[in-house]
Asks: 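Sharing a structure with you now.
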There are 2 protein chains.
Amino acid sequence: MAAAEGVGRRQRRRQETIDEVLAVAAEVMAEAGAGGLALGEIARRMGIQPPSLYVYFDSKNAIYDAVFARGWQTLLDSMAPLGRRLDDTDDARALMLLISQHFVKWAVENQAYAQLMFWRPVPGFEPSEAAFAPAVEMSRRTTQLFAELQRRGVLRADADIAEATTAWTALISGVISQHLANEPTETFDDGRFTRLLPVLSSMFLTHYGPEREIR
Amino acid sequence: MAAAEGVGRRQRRRQETIDEVLAVAAEVMAEAGAGGLALGEIARRMGIQPPSLYVYFDSKNAIYDAVFARGWQTLLDSMAPLGRRLDDTDDARALMLLISQHFVKWAVENQAYAQLMFWRPVPGFEPSEAAFAPAVEMSRRTTQLFAELQRRGVLRADADIAEATTAWTALISGVISQHLANEPTETFDDGRFTRLLPVLSSMFLTHYGPEREIR
DNA sequence: GTCTATATGACGATAGAC
DNA sequence: GTCTATCGTCATATAGAC
């Protein structure tokens, strides 16, 4: 019993340290860019020596991996409430735009994560399969959302859902990429690319929608 | 006279060395990723010592800057013939797709350059104004192309050309980003995102085109 | 002008004492 | 679990040979 409790405490404390490492890492990445993460800087801010980090992570890339996974998981969690709104709303097209804007806004306001999630800024780092899981789940839910939109007649009955999902992904990631690369200090509301989302969303829904309006 | 010739030879030789450095740098970046460029590796392949590189470039970032400029200039030059075809063709919509495909294909086949041109993979490196010039010129020509398409009635008379240019840029860079990040080893023809270009192009032209077809 | 030789300080990573 | 010591590599700077 006492032994089991001891293990529990130790593990709890270990997890807390791991969480702190990741939080500080995200801080450093936000200031220096995703590729500018330095173990010495993490250690300095935590008041420990760099080698101590190796007690919790096997390598620098393992830290990147954990940050990558955490980013997708956080974004995924933040989108869940919006997805559930689909049951209430009668304007699925407007909700679609809201979802797109929420997604891009998160990326613009969490650029350290977004660089790692949407680009390959770190030579030699490739996310592990486990870290990729939340990203795959995001893709799954997006496909599911489009299938539901099709069921409701917002998307054409003969629309290729897999294709629509890929197209939407490319659209959104294009806006994010251009913002991060060309005007990273601009706010979501004022960005040249982020402001295009209503147009792009309407473009997308016109193409995959049930009928094309006559102007 | 002899002195002037001597200077000419020296400068020519200097320029040749500079060109060799940039070619080797692009090689290394293609293998290790844009952020994985190492001066020692450039020097090793050239058969010189790393400090010798400082005779030709002030810093590593100066090499990145030159590669960045060269990438945009090369892409720009490779697109010029396609742009001129606008005068001959009677199917401007098809040419529009060809141009998009050419652009993306170049990025997919020159990933070392593309990473530097479309992302920010190197902490602390921001392209100089001079290096940015060919990229600005590319944007200018794109705007010009769309204005011409509008003159010909391929784009709506009341379409916002600046907005259309930004939207097209976001679309294209979305395809490139997703390909580079998720399936960089896939060919242009087989890529999940690159294959979407006809759909995306049609989506774009439907939105900005003169009338929306009824399905 | 161009190169080599050498030095500096930061980095990621490892070994081993405590 | 944390430290010190250390290694190899990196970008960069300087001194000096040719």
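Just so it is clear: chains get the letters A, B, ... in the order the sequence lines come, proteins before strands, and each one is counted from 1.
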Asks: Test salt bridge (charged side-chain N to carboxylate O under 4.0 Å, His left out) on B/R14 and B/D19 and set out the steps.
Replies: CA-CA 9 Å; B/R14 184 181 166 82; B/D19 288 342; over 6 Å; no

Asks: Provide the closest heavy-atom pair for B/P184 versus B/N182 in the form atom of the first, atom of the second, distance.
Replies: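 What the structure gives for the nearest pair is CD-C, 3.5 Å.
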
Asks: Starting at atom CE of A/M46, determine the distance to atom P of D/dG1, rounded to an integer number of angstrom.
Replies: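 That distance rounds to 13 Å.
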
Asks: OP1 or OP2 of C/dT2 versus the side-chain N and O atoms of B/R14: is any pair under 4.0 Å?
Replies: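 Checking C/dT2 against B/R14, a side-chain N or O does come within under 4.0 Å of OP1 or OP2.
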
Asks: Any carboxylate oxygen within less than 4.0 angstrom of a Lys/Arg side-chain nitrogen, looking at A/R45 and A/E27?
Replies: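 Salt bridge present between A/R45 and A/E27.
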
Asks: What is the per-nucleotide protein-contact pattern of nucleotides 3-18 of chain C, from the 5' end, where B denotes a base atom under 4.0 Å from a protein heavy atom, S denotes such proximity for sugar-phosphate atoms only, and - denotes neither?
Replies: BBBB----SSBB----

Asks: Parallel, tilted or perpendicular: which describes the rings of A/F132 and A/F68, with under 30° parallel and over 60° perpendicular?
Replies: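 The arrangement is tilted - the two ring planes meet at 30° to 60°.
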
Asks: B/E16 has an atom CD; how far is it from atom P of C/dT2, in whole Å?
Replies: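 Nearest whole value for this atom pair: 12 Å.
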
Asks: Mind running side chain to side chain donor-acceptor pair (under 3.5 Å) on B/Y208 and B/Q150 for me, showing each step along the way?
Replies: CA-CA 9 Å; B/Y208 286 109; B/Q150 187 175 50; over 6 Å; no

Asks: Sequence neighbours left out, what pairs pass salt bridge (charged side-chain N to carboxylate O under 4.0 Å, His left out) with at least one residue falling in residues 108-136 of chain B?
Replies: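 The answer is B/K105-B/E109, B/R120-B/E126.
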
Asks: Rounded to whole angstrom units, what separation is found between the CD atom of A/E20 and the P atom of D/dG1?
Replies: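 Whole-Å distance recorded here is 15 Å.
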
